[in-house]
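Below is one structure, written out as C-alpha cells, with a few remarks after it.
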Amino acid sequence: MNTTRNTQFTPNLDARHRRGFIWRILFMAALMTALVVLVALMFSIANDSFGYVVVINKIDPERLALNVINERLLTMPNTQSSADDTALAESITSDPNGIGFFGSAAYQQNRDALKPVAVDGITPDRETAVSQEYPLTRPLYLYTTGDILAQNQAANVFLNYLITHANEATEAAGYLPASEADLAQAQQNWLQANPTLPIPPGTWPAINPDGIDGRLTISGSSTLYPLTEQMLAQLAEAGFRAEVSNENAGSTAGLAAFCRGEADIAAASRPIQSDEIELCRENGRFPQEYPIAADALTIVANPALAFLDNVSQAELAQIFAEAETWQEINPAWPAAPIHRYIPGADSGTLDFFAQQVIQQELAALPTDDLVRILAANISVGRGRALEREQRFYQDKLVFDNPTAWNEACSQPKGARPSGCTAPPRTQAEIYDLVLQEVVQPDVVETFPLYDTLLKGAAIQHQMAAKYPNGSLQFRSWLTKDFITDPQSSTPEAAGVRTAILGSLWVIAITILFSFPVGVGAAVYLEEYAADNKLNRILQTNINNLAGVPSIIYGMLGLAIFVRALEMITSGALFGLVDSTASANGRTILSAGFTLGLLILPLIIINAQEAIRAVPTSLRQASLALGATQWQTTWHHVLPAALPGILTGAILAVSRALGETAPLVIIGASTFIVVDPSGPFSKFTTLPIQIYQWTARPQAEFRNIAAAAIIVLLVLLLALNATAVYLRNKYSTRM
Amino acid sequence: MTNNTNGQTAIQAHNMNVYYGSFRAVENINLNVAPRQITALIGPSGCGKSTVLRSFNRMNDLIPSARVEGEVLYHGANIYAPDVDPVEIRRRIGMVFQKPNPFPKSIYDNVAWGAKINGYKGDMDELVESSLRQAALWDEVKDKLDQSGFSLSGGQQQRLCIARTLAVKPDIILMDEPTSALDPVATLKIEDLIQILKQDYTIIIVTHNMQQAARASDFTAFFNMNEERAGYLVEFNKTEDLFTNPKNELTERYITGRFG
Ligand SMILES: Nc1ncnc2c1ncn2[C@@H]1O[C@H](COP(=O)(O)OP(=O)(O)O)[C@@H](O)[C@H]1O
Ligand SMILES: [Mg+2]
C-alpha cells in the first residue's frame, strides 16, 4: 500500500536516535568535567586548611603550670624542703606534727621510725604498685645517648649491668621492678647503641665488667640514688675499675647537667620534658630513655599522728597545698599546725606529686598565677604596654606605676590608652596572653590534609624522630580565633577580622551605590527612553563597559575617587578623617565606589533583561485602568522584575566581593590591625589578604590563606543566601 | 458620516487614520458609537479592528510607531488634542483584553488597585463587592478574596478583569475579543454579563465570531481591507438590519461565510 508515499521518507530512526544519544553523552561529559573541577577546587582548599602540624613550644606549658604548683607547695607555712631524703625522714621522725613524702626506697630505709599513710585506701607495696592500683606509682628513668654509650665504655657497661641486674637489685633496695615492656624498651635502646656486637637476635648479652676502666659521671634523682649506689657497689665488687662520680642532685638538676654535657647519665624520677629535650638538642645530645625501675611515692607521717592512716587524694592536696592545721581538713582532727617536709624544687618527686595530686593545667590556673607567670617571663616594658591595652585587675596595677597610669589616663579621649576604660582581662584572655608571650608555640612543619590522611602513620614516625620535643597535632587553620583575631605578622596568631570587616564595609558601599543607580538606569532605558540614536549608543556603551578588565576600573577609581575627590573620600570635607589615618583618599568609600562602578554595567544589563521579561499585558492592564507610567512601573513592572534583578545583582556583588586587582590599584592597606570604623577608614579586604598571604615564603601563610579562602566562600554563600531569601520572599508575594 | 440611528453619541471617530510607521493600518474611519448600547466590530483578521478599538482610549500611544490622524470625539472633545491627558481618558474608557491578564495580586487587590491609584475615597470593601457582583463573580470568589487572581479559571479571570475595569467607574468599556481564549460555557457567561452591563455602560466589542455579534450586540460595524491592506469601514448599522438585510455585497458575503 501507498508505497510512493513511503519512498519519499527515509526515517532512519536508528541513526537519529544514535545522534541524540551521542549528544546526550557529550552533555553529560561536560557536566562531569564541571563537577570534577569543582571537587578538585574544594579539595585543594581543604588540603591546605587542615592537616598535621608539628608544634614546638618555647617553654613547656606543663612545666609552667608545675612551677607554679611547686612554688605554692614550697611556700606553704611550716614547710621545709630538702634534696636529701634521709634528712627529710629524720625531720619527720623528730616532729610530732611532721608529714612528708619520698620514694619507696627511702621509706624502706626508715620504715621503723615512720608511719606510711594509705592513699585512697591503698597502702603502697609491691603488689598494689605493679598492678598500678596505688595511685602514686611511677616509672624511674635513666637518660643517656647512643653516642655516649658508643664512646664511653664505662657508661656502656654500667647500663648493661643495670639492665641485666636491675630487677634483682631493685627489690633488695626497696624499689619496685620495672614492667616487662619497660625493660624490653631499655634493652632495645641499649642494643641500638651497640650495633656491632655479634649477638643473635632475641638474646641479651650480659657483659663482664671485670677490668673495665675510664670515667663515669651520673647525676640526678634522689629517689634513684640508692639504686645507682648499690649497682656501683656491686660493679666494683665484680672488678669494675672506672672512676665514678654519682651525684644526688634531683631529677631536674641531673637532666640539666646531662644535657649540658656535664654528666654521662641522668637519673630521673619523671620523664624528660620538652624544654629539656630542646636544651639537649642545642648541645648535640639526643636523649634515649631507659625505664629501669618503678617507685611508689610514699606518704609518711610521724607515728604520733595516730588519726592519719588513710587519706584521699583531695585531702592530700589540702594537706600539702592549702590547710594550715589538721582541723581545717577534717573537723575530727586536732587543731595542731601541719608541719610539711617535702623534696626540693629540683626534685622529680615533687614534680610528680604536684602533677599527680594537685593536677592543674596551665589553662585552669587562677588569674593570679597566670599573671605571676607573665611577670616572670616578659619585660616590664612589654607588660606595661599590655596593661595599657587592657588591664589585668580592676583595682591594681601589675606592671605600671599609678602615677604614670593616672597621667596617661587623664589625656583626652582619643589619645588615652584603651586600658583606662576597657574592662580587665578575663582569666581566659590572660591564659591566651601567656600562651602568646611565654609559651610561644611555633609551628615548625606542616602537612597538607592529603598527606595527613594517607600517610599519617609515617608522618608520626618521622616527626617523632625529627622533633622529639615537638608535638604533632591535627590542626584546623580555620578556627574561631582565626575569624576574630586581627592581622598579625606571625601566621599562627594572624586572623581575618580586619579583612572581613573591610570586605563587609566595602561591599555595603558598593551595593548602596550600584544597586539603586543601576536599577534606576535600567528602568529609564527600558520604560522611558525613546528608541533614538543617542540611547542606542548609550546602550552599546554599557554593554561594552561590562567587558572592560577590572584593573582599568581600578585606575579610574584611583584617578577619580582617590585623587580628584580626595576631599570627599578622605572625609576631610566633613571633618571626619579617621583618627588612625592620615587624610588621603585610599578609604573604604573610594573602594566601594570603584567596585560599584565596576559592577554597574552588570547590574544595568541584568536589570534591563529582567524588566524586558515582564509581559506587556501586565503594563497594558495597569495603564488601561488609568494608572500613570510611573505607577505602572513601580507597582507592577519592578515587583515582577525584582527576582530577575536580584539574581543579576547577586552575581555582580559576588564578583565585587572577590575582586583584588582594582583594590590593589586604589591602595588597600597591606598590613592593618585596626578595625575599620566607617567609610573613611583605611581598609583591607579578604581577597587582598589572601593574595598577600599566598605571596609569603613561609608555608604556614599558605595554610591561613586557604583558611581565609574558606571564610570568603562562606561570606559569599551567606550573601547569596540572603539575596535568594529576599528573592523568594518577593516572588511568592503573588 | 456613518451614524447610529438614535442620534446620541458616546464616542465618535471622525476621519480617523491610524499609521504604524509609514504603514496605514486603517483608513478614514467615521464611526458614531451609541451610549448604553453594545457595538460590535467585525471583519477579517488584520483589517484593523483592534487598532480602531485601541484608538478609542489612546492605548495606541504605547506602540512607539503608532500615529493617529483625524479626531476621536468624546463628550464633544478630541481625545488626541494636545492638552488631553491619556491617563484620564483611559480611566473613563476602560479596556478588557483578549487574554485574561489579572495582576499577580490577590483577587481583592486586583479589583481595588485601580480605584486606589485613582484616589478613590469611598468604602473600598463595598466597591470591591459591588464591582465583583456587577461582573457576576462575587458568589464564586467571596470566600477567597485573598487568594491570587491566577488561582481562578480562565472565564473567572476574564470576569475579574471586567470587575477590575468596572471598579474605576468608566463610561465606556472596550473589549478586544474577550472570549476568544475561553470555552463555550465561559463565553456565554461573559455574553450574558455584557447584556447586563449595557444598562450602565457603553460597550464596544471586537469579535471574530459572527454569531456572537449577531446574538449579543445592538450595532455592528463591518470592516474590510483594501488593496494596500488598509482597513476601512464597510458598513455600520443596527445588528438586526446588518445581518438580515446587508446593504453592501461584501457584508453579505462575509456574514454568510463566503469570505474571510
Ligand atoms: N504594533 C503594531 N506595529 C505594526 N503594525 C501593526 C501593529 N499592530 C497591528 N499592526 C498591523 O495593523 C494591521 C491591523 O492589525 P489589527 O488591528 O491587529 O487587526 P485585527 O485586530 O483586525 O486583526 C495589521 O496589518 C497589522 O499587521
Ligand atoms: Mg485583533
Side-chain angles (χ1 to χ4, degrees), chain A residues 519 522-540 607-647 726-734, chain B residues 53-54 56-65 85-120 146-151 157 160-161 163-170 173-176 181:
Chain A
V519 175
V523 166
Y524 181 80
L525 282 171
E526 284 305 312
E527 301 290 308
Y528 293 94
D531 187 20
N532 57 27
K533 198 155 184 188
L534 180 74
N535 286 329
R536 272 200 296 277
I537 291 174
L538 213 66
Q539 181 75 59
T540 315
Q608 277 187 285
E609 210 69 61
I611 290 171
R612 220 173 291 153
V614 175
T616 333
S617 65
L618 188 63
R619 294 186 181 84
Q620 286 176 341
S622 166
L623 291 168
L625 286 175
T628 61
Q629 168 100 46
W630 165 242
Q631 285 170 324
T632 304
T633 304
W634 181 251
H635 288 280
H636 297 293
V637 176
L638 277 181
L642 196 63
I645 294 177
L646 279 178
T647 307
L726 283 178
R727 190 178 67 191
N728 291 345
K729 199 176 139 189
Y730 278 105
S731 49
T732 50
R733 249 184 28 182
M734 291 189 290
Chain B
L53 196 71
R54 284 201 298 266
F56 284 153
N57 72 342
R58 293 193 59 169
M59 286 298 274
N60 274 333
D61 291 15
L62 305 186
I63 301 165
S65 65
D85 185 350
V87 172
E88 176 60 16
I89 295 295
R90 291 188 200 120
R91 188 187 77 72
R92 306 243 198 134
I93 307 174
M95 193 161 196
V96 176
F97 300 85
Q98 184 168 355
K99 256 178 68 190
N101 57 352
F103 296 128
K105 294 175 182 291
S106 70
I107 292 170
Y108 183 97
D109 287 341
N110 257 285
V111 180
W113 188 78
K116 195 156 41 187
I117 55 147
N118 278 297
Y120 179 68
D146 55 344
Q147 283 183 22
S148 167
F150 289 127
S151 66
Q157 287 188 17
L160 179 62
C161 292
R164 172 177 78 186
T165 307
L166 298 179
V168 296
K169 310 266 188 223
I173 302 175
L174 310 175
M175 297 184 173
D176 193 348

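Bear in mind the structure is a predicted one, so any value in this text is a computation, not a measurement. Order of the sequence lines fixes the chain letters, A, B, ..., with proteins taken first and strands second; residue numbering starts at 1 for each chain.
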For B:Asn118, what residues pass the side-chain hydrogen bond (donor to acceptor under 3.5 Å, both in side chains) criterion, not counting sequence neighbours?
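Result, side-chain hydrogen bond (donor to acceptor under 3.5 Å, both in side chains) vs B:Asn118: none returned.
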Contacting moiety of [X], where chain A heavy atoms sit under 4.5 Å:
| X | value |
| --- | --- |
| B:Leu62 | side chain |
| B:Val168 | side chain |
| B:Arg92 | neither |

Taking non-hydrogen atoms and a cut-off under 4.5 angstrom, which of residues 523-537 of chain A neighbour chain B?
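The residues closer than 4.5 Å to chain B amount to none at all.
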Residues of residues 619-634 of chain A within contact distance of chain B, non-hydrogen under 4.5 Å:
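Residues A:Gln620, A:Ala621, A:Ser622, A:Leu623, A:Ala624, A:Leu625, A:Gly626, A:Ala627, A:Thr628, A:Gln631 are the ones that qualify, each having a heavy atom under 4.5 Å from chain B.
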Determine whether A:Leu618 and B:Pro104 make a side-chain contact, defined as any pair of heavy atoms from C-beta on separated by less than 4.5 Å.
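Sidechains of B:Pro104 and A:Leu618: in contact.
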With respect to chain A, which residue among B:Arg58, B:Met95, B:Met59 yields the maximal number of heavy-atom pairs within a distance under 4.5 Å?
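Going by pairs under 4.5 Å, I would pick B:Met59.
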Does anything in residues 624-640 of chain A form a salt bridge (Lys or Arg N to Asp or Glu O under 4.0 Å)? List the pairs, not counting sequence neighbours.
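Residue pairs passing salt bridge (Lys or Arg N to Asp or Glu O under 4.0 Å), neighbours aside: none found.
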For A:His636 and B:Phe103, take the angle between the two ring planes, folded into 0 to 90°, and tell me which bin it lands in: parallel under 30, tilted 30 to 60, perpendicular over 60.
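It falls in the parallel class, under 30°.
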